[in-house]
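Worksheet: the structure to be examined is printed underneath.
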Amino acid sequence: MTFDYAYSSYTEEDIMADEELYDIYQQQQSSDQDGRPFKPTKPTPLSIQTYDQMPIIESRFMPKVLADRVFDIATRMNCPPEFPYTALMISIATLIGTKLGVYPKKNDPDFYVSSTLWGMIIGKSGSMKTPAQSIAMQKIQSLHNNILKESEGKVLAHKKAIKRIQTQINRHEKNGGNLDEIHTLNDQLEDLYANAPALQTIIVNDATREALHSAVANTQNGVLLKLDEIKTLFNIIDKFGSEAYRQTLLEFWNGTESLTSLRVGSGHTYTRRGYVSILGGIQPKTLMNYIKTSELKGTADDGFLYRFQLTFHPQLPPFKDSDNAPNMEIVKELGDIMEFLLKWDSQNDPNKMDYRSSYNEIVGISFDPQAQVIFSQWYEQLMTRIRSDSDHSKRVDFDEDKLNELLSKYAAIVCKIALVYHAIEAAPKGEISGFISKLNLLRAIVVSDILEEHGKKIYASGKKGGDGDTNLALRILLKYRSEPLRSKAHTSGMSVSNISRDWFYDNMDKSDIEDALELLINHGWLKSAFIGGANRPTTKYTLAPHVHKYLVEEKDYLSKSAAPQWQSIWQDALEKELEMELMLSQKYDYSTSESDHEEEPPHPYYDIK
């Protein structure tokens, strides 16, 4: 034999022994019709995609004040900007709440998108996902604390009032007081019970059905379910008997449905409009396992997981130590915007005549004429992609049906992002106009293109036989390679329990190991044998005969391919719009004398292209 073993973990003696085993293997195999011994085929390299050029969120894809805050946090926390971006966007959407949504079609009053946003912050331990989330949510947490404290005072005052009147009634009854006075006091007591104040809240940290339903019913503008680990929610809704709760959450995502909860022994709760935004962190492997489990159980078919639209899977930046103070000017500017949005009421806005409402009085805004043309064009392209049999994902390992499931929610995410951007830019003026601009719509579309690429990475890693299984299969294959040829791994073989205990210290889910082993068998790297009697049967796995030679060089056992470079056909349109905005801002800068300007700036609704 002439191949090079310089990088192999085997000695020359091991290699010779392996060739002897191969000769024995050839003799023992059944022969074909011509009497020639069966020869095993060359194993197929494992195929995996790399994500070296994943698109990232950039400052030009969002309003300036939001970008300044996002990148201030990201720089100081040394984390991807997607971490604070996700937390801030969901926080601001929650403050808008049920007060405002979007009517994407010019004439259709039934196509309505609420501001609800669901998102996950994906990162390993030490990626700074929790600190970045906490810093980004400082303002909404402060607003939550103030509202909660105020409502607690009202509840305490209400309890004291009830106690005071009850004491007066008892005194009158004990002393034989006037019946008319007693009736009056009883009427007052009934009024107090009928109009009992409830604890008002913005943030809820309890994912149980009872806690969330109570918070939504008491806070008509909606709430934010904030969890440090979103897996807590997944565990609750996947339990047997929690199907109704899962359905309730789907209705909360719509942000438009009125809900009545009837509970035995505890009466009922009525919610005029159920609205819940959700934010939480999760580790990549945990999410990968959950996606795979959901696919196997069929629970992913209701689209629950795909509603976590604002979810990135970013790469960590190179570490660069930072010891800078936060930009307090930006902190205050964005904080004032968030406080305004919390107190804002559509009925008191001077632009209320431009707002639209449907038969159930749900208030929303529209796109301006230029933006309406762009949305209609983009929406038609999106739906054509989803419904066309000829459209295929650029990724060979990504299920097209799952891609379509993901894309089917993107009309909503574009409207939600555009609405939040519009509110951020309008708030400093003390009012919110009734029309979303072309610029903010283009920004939202480009962000949705970025989310699509991240979604492909997320769901490809979680599918059976996908990147997650391939990575684990590669680790197992290299473990086999590192074992001496006469070890248990190559003689009697390794069971799933052996692999879990000896190679991964019981830190690996056995079902994941089984999927990886199946992948290795299908690629011709391993063979399995059923061993044992009726008491303790088990399956042992060993390397297929004579595959050691293909474990020397990486190209023989691993095929790497880079994910297609991200491109957004709408990014050029956004760049042109940003250039136009810059030119207009420089040409019509009214901070100088009025005599410097000979003409008025064009109305944004003119010159529609």
Side-chain angles (χ1 to χ4, degrees), residues 46-51 54 86 118-127 129-130 207 227-240 242-243 246 249 278-309 311-316 395 397-399 401-403 405-406 454-477 479 495-522 541:
L46 297 172
S47 177
I48 196 168
Q49 277 197 319
T50 58
Y51 299 91
M54 287 297 292
T86 302
W118 290 9
M120 291 182 281
I121 297 179
I122 304 174
K124 297 180 180 179
S125 296
S127 61
K129 64 180 185 294
T130 301
L227 301 169
D228 187 55
E229 288 292 338
I230 201 72
K231 186 64 166 62
T232 304
L233 177 63
F234 295 160
N235 290 337
I236 292 174
I237 64 172
D238 285 345
K239 287 182 179 178
F240 179 76
S242 297
E243 295 82 3
R246 189 183 185 98
L249 286 173
I278 302 178
L279 172 65
I282 194 167
Q283 297 212 16
K285 179 172 171 44
T286 302
L287 179 58
M288 179 191 73
N289 290 337
Y290 183 74
I291 293 172
K292 187 188 298 183
T293 303
S294 298
E295 296 293 342
L296 293 175
K297 291 182 178 179
T299 54
D301 295 340
D302 62 2
F304 178 82
L305 199 55
Y306 295 108
R307 281 171 168 79
F308 285 86
Q309 301 164 307
T311 301
F312 301 90
H313 192 343
Q315 296 169 313
L316 291 178
R395 293 174 45 84
D397 60 347
F398 191 76
D399 191 327
D401 289 339
K402 300 309 174 187
L403 176 62
E405 286 272 2
L406 189 67
H454 284 259
K456 291 174 183 177
K457 176 182 177 181
I458 293 166
Y459 290 100
S461 66
K463 89 176 200 116
K464 184 177 175 63
D467 289 348
D469 286 347
T470 305
N471 276 307
L472 180 54
L474 177 62
R475 293 176 64 186
I476 293 175
L477 186 61
K479 289 286 187 181
S495 67
V496 173
S497 297
N498 295 148
I499 293 173
S500 176
R501 181 182 64 250
D502 299 347
W503 289 348
F504 298 106
Y505 310 102
D506 287 329
N507 290 326
M508 194 67 65
D509 192 285
K510 291 185 179 180
S511 64
D512 293 340
I513 295 176
E514 290 172 350
D515 291 339
L517 292 172
E518 180 182 345
L519 191 64
L520 288 170
I521 290 174
N522 293 337
Y541 300 86

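Note that this is a predicted model, so its numbers are computed, not measured.
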Nearest 0.5 Å please: distance from the [atom1] atom of [X] over to the [atom2] atom of [Y].
| X | Y | atom1 | atom2 | result |
| --- | --- | --- | --- | --- |
| Leu519 | Leu474 | CG | CG | 10.5 Å |
| Ile282 | Met288 | CD1 | CE | 11.0 Å |
| Ile513 | Leu472 | CD1 | CG | 6.5 Å |
| Thr232 | Ile237 | OG1 | CD1 | 11.5 Å |
| Ser511 | Asn289 | OG | CG | 7.0 Å |
| Gln283 | Met120 | CD | CE | 13.5 Å |

**OP:** Could you tell me whether the side chain of Ser242 and the main chain of Ile236 form a donor-acceptor pair under 3.5 Å?
**Re:**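 Present.
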
Original post:
Looking only at atom types and distance, does a side-chain atom of Lys129 sit under 3.5 Å from a main-chain N or O of Gly123, one as donor and one as acceptor?
Top reply: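 Present.
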
If you take all heavy atoms of [X] and [Y], which pair is closest and at what distance?
| X | Y | answer |
| --- | --- | --- |
| Ala473 | Leu520 | O-CD1, 3.6 Å |
| Ser497 | Lys510 | OG-NZ, 3.3 Å |
| Met54 | Lys457 | CE-CD, 4.0 Å |

Subject >> For His313, ring pair (Phe, Tyr, Trp, His ring centres under 6.0 Å) partners two or more places apart >> reply: none

Original post:
By salt bridge (charged side-chain N to carboxylate O under 4.0 Å, His left out), which residues pair with Lys285, not counting sequence neighbours?
Top reply: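 Counting only residues at least two positions away or on another chain, Lys285 forms a salt bridge (charged side-chain N to carboxylate O under 4.0 Å, His left out) with Asp512.
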
**OP:** Could you walk me through whether Arg501 and Phe504 pass the side-chain contact (heavy atoms from CB on, under 4.5 Å) test, one step at a time?
**Re:** CA-CA 6 Å; Arg501 181 182 64 250; Phe504 298 106; over 6 Å; no

**OP:** Start with the C-alpha gap between Glu405 and Tyr459, add the side-chain angles, then the distance that decides, and say whether side-chain contact (heavy atoms from CB on, under 4.5 Å) holds.
**Re:** CA-CA 11 Å; Glu405 286 272 2; Tyr459 290 100; over 6 Å; no

Original post:
Just checking, any donor-acceptor pair under 3.5 angstrom between side chains of Lys231 and Asn235?
Top reply: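 Checked: Lys231/Asn235 side chains pair up, N/O donor to acceptor below 3.5 Å.
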
Subject >> Intermediate values then yes/no, side chain to side chain donor-acceptor pair (under 3.5 Å), Asn498 and Ser495 >> reply: CA-CA 5 Å; Asn498 295 148; Ser495 67; 3.0 Å; yes

**OP:** Specify whether Phe234 and Tyr290 have parallel, tilted or perpendicular ring planes, treating 30° as the upper limit for parallel and 60° as the lower limit for perpendicular.
**Re:**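 The rings of Phe234 and Tyr290 lie parallel, inter-plane angle below 30°.
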
Subject >> Criterion side-chain contact (heavy atoms from CB on, under 4.5 Å) on Trp118 and Thr311, from CA distance to verdict >> reply: CA-CA 8 Å; Trp118 290 9; Thr311 301; over 6 Å; no

Any side-chain heavy-atom pair of [X] and [Y] under 4.5 Å:
| X | Y | result |
| --- | --- | --- |
| Leu287 | Ile291 | yes |
| Arg246 | Asp238 | yes |
| Phe308 | Ile230 | yes |

